[in-house]
Visitor: 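Let me begin by handing over the structure; questions about it come next.
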Amino acid sequence: PEPDLPPLRIKEEVLVTLKDQMPALPEERKVHYMKAYGLKASEAEVLVSDQQLADRFEAAAGTLADVRPLANLLLSEVLRLLEEGEEIPLSADQLSALARLVSEERISFSMAKRVLAALWADPTLSAETYVEAHDLHQLVSKEELMPVIEAVLAAEGSSVSDYLAGKDKALMALMGRVMQKTRGRA
């Protein structure tokens with residue numbers, strides 16, 4: 001007790017208001033990410049280590065049914081592209097739209113990296129527009145893939161014979177040719 005200073009009395013309502021206005025501390029956020037989103041402790045730790053990364057994750061995760069693609073994008077590609085002290089140029093909406101394309105299997109994760117790099121360079125773009133403009137949609141239907149597969153099988157008779165003879169590496173070569181023909185979209 002200081003004899004020259006009167007005791008400080010703060011009303012309970014003021015304390016409650018101040019407490020409600022305070023952002024969650026990193027440890028609280030980490031525990032929340034692990035419980036609510038099923039993230040590993042190491043993943044949650046990295047996300048909460050940067051305020052803007054955590055803010056973007058929370059804002060974007062709230063609109064997604066599956067946060068795994070979002071977390072993977074932030075933990076790998078966004079951290080790789082982010083320079084020290086730089087602001088993330090993409091909004092939470094842009095990040096969630098890109099993550100949604102991955103979770104709906106409309107694009108692969110490797111395509112998402114390419115789209116993210118393009119959005120990073122020009123934040124006025126949208127993920128959907130970029131994917132449409134560059135024809136990056138993943139081919140998943142049998143109707144789309146069968147003509148490509150049949151063409152590869154017809155052209156690669158020796159690899160087909162090798163596979164039928166028990167050489168598993170021939171299958172990998174055939175799959176590689178299909179990926180090449182579809183520009184990585186199969």
Side-chain angles (χ1 to χ4, degrees), residues 1-134 136-138 140 184-185:
E2 178 64 42
D4 295 338
L5 296 175
L8 181 62
R9 292 185 178 87
I10 301 173
K11 293 182 182 178
E12 188 64 31
E13 308 88 57
V14 173
L15 288 174
V16 169
T17 303
L18 289 173
K19 188 175 181 180
D20 289 344
Q21 292 174 351
M22 286 182 59
L25 296 173
E27 190 60 32
E28 293 170 0
R29 277 183 150 179
K30 177 183 168 184
V31 170
H32 174 69
Y33 293 173
M34 291 165 52
K35 287 182 180 176
Y37 304 119
L39 297 181
K40 297 177 194 167
S42 59
E43 295 169 329
E45 184 78 36
V46 172
L47 287 173
V48 301
S49 69
D50 183 280
Q51 177 79 35
Q52 71 168 325
L53 198 62
D55 290 345
R56 287 293 195 298
F57 175 76
E58 271 186 39
T63 66
L64 297 169
D66 178 13
V67 299
R68 176 57 49 198
L70 172 66
N72 289 343
L73 281 168
L74 289 172
L75 293 170
S76 62
E77 293 306 299
V78 169
L79 282 177
R80 184 181 64 76
L81 293 168
L82 195 60
E83 306 267 331
E84 184 69 34
E86 180 185 14
E87 290 288 320
I88 297 173
L90 306 178
S91 69
D93 289 339
Q94 287 174 298
L95 290 168
S96 65
L98 181 56
R100 193 172 296 108
L101 290 173
V102 175
S103 67
E104 293 172 355
E105 296 182 354
R106 293 171 57 197
I107 62 172
S108 65
F109 190 76
S110 62
M111 287 295 180
K113 291 178 182 182
R114 181 174 160 188
V115 175
L116 181 67
L119 296 179
W120 199 276
D122 184 1
T124 63
L125 296 172
S126 80
E128 184 70 43
T129 304
Y130 186 84
V131 166
E132 291 293 333
H134 293 85
L136 299 177
H137 280 287
Q138 195 163 301
V140 291
R185 299 179 326 154

Visitor: Output the distance between atom CZ (R106) and atom CD (E132), rounded to the nearest 0.5 Å.
Guide: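 Rounded to the nearest 0.5 Å, the CZ-CD separation comes to 7.0 Å.
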Visitor: Find the distance between CG (L90) and OG (S96) and round it off to the nearest 0.5 Å.
Guide: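 L90 CG to S96 OG: 11.0 Å, rounded to 0.5 Å.
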Visitor: Taking all atoms of both residues into account, what is the closest heavy-atom pair of P69 and F109, and its distance?
Guide: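 In this case the closest contact between P69 and F109 is O-CE1, 4.2 Å.
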Visitor: Of the non-hydrogen atoms in P89 and P123, which two are nearest, and what is the gap between them?
Guide: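 Where P89 meets P123 most closely, the heavy atoms are O-CB, 3.5 Å.
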Visitor: Determine, step by step, whether Y37 and R68 satisfy the side chain to side chain contact (heavy atoms under 4.5 Å, CB included) criterion, reporting the C-alpha distance in whole Å, the side-chain angles of both residues, the deciding distance to 0.1 Å, and the verdict.
Guide: CA-CA 8 Å; Y37 304 119; R68 176 57 49 198; over 6 Å; no
Visitor: Using the side-chain contact (heavy atoms from CB on, under 4.5 Å) rule, pick out the option among L64, V78, T63, V102 that qualifies with L70.
Guide: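 The option that passes is L64.
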Visitor: Without swapping roles, check the side chain of Q52 against the backbone of E86 for a donor-acceptor pair under 3.5 Å.
Guide: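 Yes; at least one donor-acceptor contact below 3.5 Å.
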Visitor: For H32 and E28, indicate whether the former's side chain and the latter's backbone hold a donor-acceptor pair under 3.5 Å.
Guide: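 Flag not set: sc H32 to bb E28 has no pair under 3.5 Å.
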Visitor: I'd like to know if E128 and R100 make a salt bridge, using a cut-off of under 4.0 Å between side-chain N and carboxylate O.
Guide: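 Looking at E128 and R100, the cut-off is not met.
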Visitor: Scan V46, L47, V67, D50 and name whichever one has a side-chain contact (heavy atoms from CB on, under 4.5 Å) with L74.
Guide: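 The residue from V46, L47, V67, D50 that satisfies side-chain contact (heavy atoms from CB on, under 4.5 Å) with L74 turns out to be L47.
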Visitor: How long is the gap from CE on M111 to CG on L116, to the nearest 0.5 Å?
Guide: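 Here the interatomic distance stands at 14.5 Å.
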Visitor: Run the salt-bridge test on D55 and R29 with the 4.0 Å N-O cut-off and return the result as yes or no.
Guide: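 Salt bridge present between D55 and R29.
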Visitor: Calculate, to the nearest 0.5 Å, the distance between atoms OG and CG belonging to S49 and L79 respectively.
Guide: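 Reported to 0.5 Å precision, the distance equals 7.0 Å.
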Visitor: Locate the shortest heavy-atom distance separating A92 from R56; write the atom from each residue and the value.
Guide: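 Heavy-atom minimum between the residues: N-CD, 3.9 Å.
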Visitor: For F57 and A71, work out which heavy atoms get closest and say how close.
Guide: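 Residues F57 and A71, closest heavy atoms: CE1-CB, 4.2 Å.
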Visitor: So does L136 get a backbone contact from the side chain of Y130, meaning a donor-acceptor N/O pair under 3.5 Å?
Guide: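 Such a contact is absent between Y130 side chain and L136 backbone.
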Visitor: Test of understanding: with side-chain contact (heavy atoms from CB on, under 4.5 Å), list the residues that count as partners of P26, not counting sequence neighbours.
Guide: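 Checked P26 against side-chain contact (heavy atoms from CB on, under 4.5 Å); matches are V48.
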Visitor: Give, for atom NZ of K40 and atom CD of E45, the distance between the pair rounded to the nearest 0.5 Å.
Guide: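 If we round to the nearest 0.5 Å, K40:NZ and E45:CD are 14.5 Å apart.
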Visitor: Between K11 and E13, does at least one N-O distance fall below 4.0 Å, as a salt bridge requires?
Guide: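 Salt bridge absent between K11 and E13.
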Visitor: Tell me whether Q94 contacts the main-chain N or O of L125 through its side chain, where contact means a donor paired with an acceptor under 3.5 Å.
Guide: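 Yes: the side chain of Q94 pairs with the backbone of L125.
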Visitor: With sequence neighbours left out, write down each residue that passes side-chain contact (heavy atoms from CB on, under 4.5 Å) with A127, or none if nothing qualifies.
Guide: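 Partners of A127 by the side-chain contact (heavy atoms from CB on, under 4.5 Å) criterion, ordered by chain and then number, come out as L98, L101, V115, L119.
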Visitor: Could you give the distance from CG (L39) to CG (N72), rounded to the nearest 0.5 Å?
Guide: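 It comes to 9.0 Å.
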